[in-house]
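Chain A is the first sequence line, chain B the second, and so forth, proteins listed ahead of strands; every chain is numbered from 1.
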Amino acid sequence: GAVVSQHPSRVICKSGTSVKIECRSLDFQATTMFWYRQFPKQSLMLMATSNEGSKATYEQGVEKDKFLINHASLTLSTLTVTSAHPEDSSFYICSANFGGGYTFGSGTRLTVV
Amino acid sequence: GESVGLHLPTLSVQEGDNSIINCAYSNSASDYFIWYKQESGKGPQFIIDIRSNMDKRQGQRVTVLLNKTVKHLSLQIAATQPGDSAVYFCAEKWDGTASKLTFGTGTRLQVTL
């Protein structure tokens, strides 16, 4: 089946630094990937739609200059949290379209100290 | 029982009983619905899906019911097992949103022995 690999699974960074999260489709090509953020005891909130070879589409209220998305190939999308602050601490999850369905990565727990 | 507010609604069931998890979706134009299971610290795991031209679909131990009149979705789990303990989310998609999924608020299922 379709597998999406997300890395790292956990990361701790200092305030003001940047963190990159990778999302790879292992056995299929993904022209579209989605990035979600999930705070404790809450649902998944879509941050942006990542499109291979073009600019990402951000949801309302999501700062595109803070959450940089790059989808340079059909198997890799990256999310970079720039100038991270403690309020950016969250669980970030990527997803990809495959065969009309959706496959999710295992998530990245980001802690900003 | 159930609790609402800042925490996820919780459904407690005894092992072996049937569980029914409910979801109210938001968009009457949504054409595709998915139930996901999420365990702590992991990404969502696909359980079952249903298209808007159906009102019932069955899988192994799970059944999804769709009532488009009241925009309601339910997930029934037969003979609930301890391994079913997790948070369950419904998600909806409609064609006008570039295949984006919108997630519901989620329900925590606790299976007691």
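Within residues 37-46 of chain B, the residues that have a heavy atom under 4.5 Å from a heavy atom of chain A are Q38(B), G41(B), K42(B), G43(B), P44(B), listed by number. Residues of residues 73-96 of chain A lying under 4.5 angstrom from chain B, judged on non-hydrogen atoms, are F91(A), I93(A) in numerical order.
Environment of NE2 in H72(B): crowded, with over 12 heavy atoms of neighbouring residues, nucleotides or ligands closer than 6.0 Å. When the shell of 6.0 Å around NZ of K55(A) is examined, it contains 12 or fewer heavy atoms from other residues, nucleotides or ligands. With a 6.0 Å radius and a threshold of 12 heavy atoms from other residues, nucleotides or ligands, K66(A) has its NZ atom above the threshold.
For the residue pair S26(B)/E92(B), the side-chain donor-acceptor check at 3.5 Å is satisfied.
Proximity to chain B (any heavy atom under 4.5 Å) is shown, for L44(A), by both the backbone and the side chain. Contacts between Q6(A) and chain B at a heavy-atom distance below 4.5 Å are absent for every atom of the residue.
Ion pairing of K20(A) with E22(A) is absent here, as no side-chain N (NZ or NE/NH1/NH2) approaches a carboxylate O to less than 4.0 Å. Between R57(B) and D49(B) there is a salt bridge, with a side-chain nitrogen of the basic residue lying less than 4.0 Å from a carboxylate oxygen of the acidic one. For the pair D84(B) and R61(B), the salt-bridge criterion is met [side-chain N within less than 4.0 Å of a carboxylate O].
Rounding to the nearest 0.5 Å gives a distance of 5.5 Å between CG of D17(B) and CD of Q14(B).
Annotation: Y36(B) is in aromatic contact with F103(B) [ring centroid separation under 6.0 Å]. In summary, the aromatic rings of F28(A) and F98(A) are positioned with their centroids under 6.0 Å apart.
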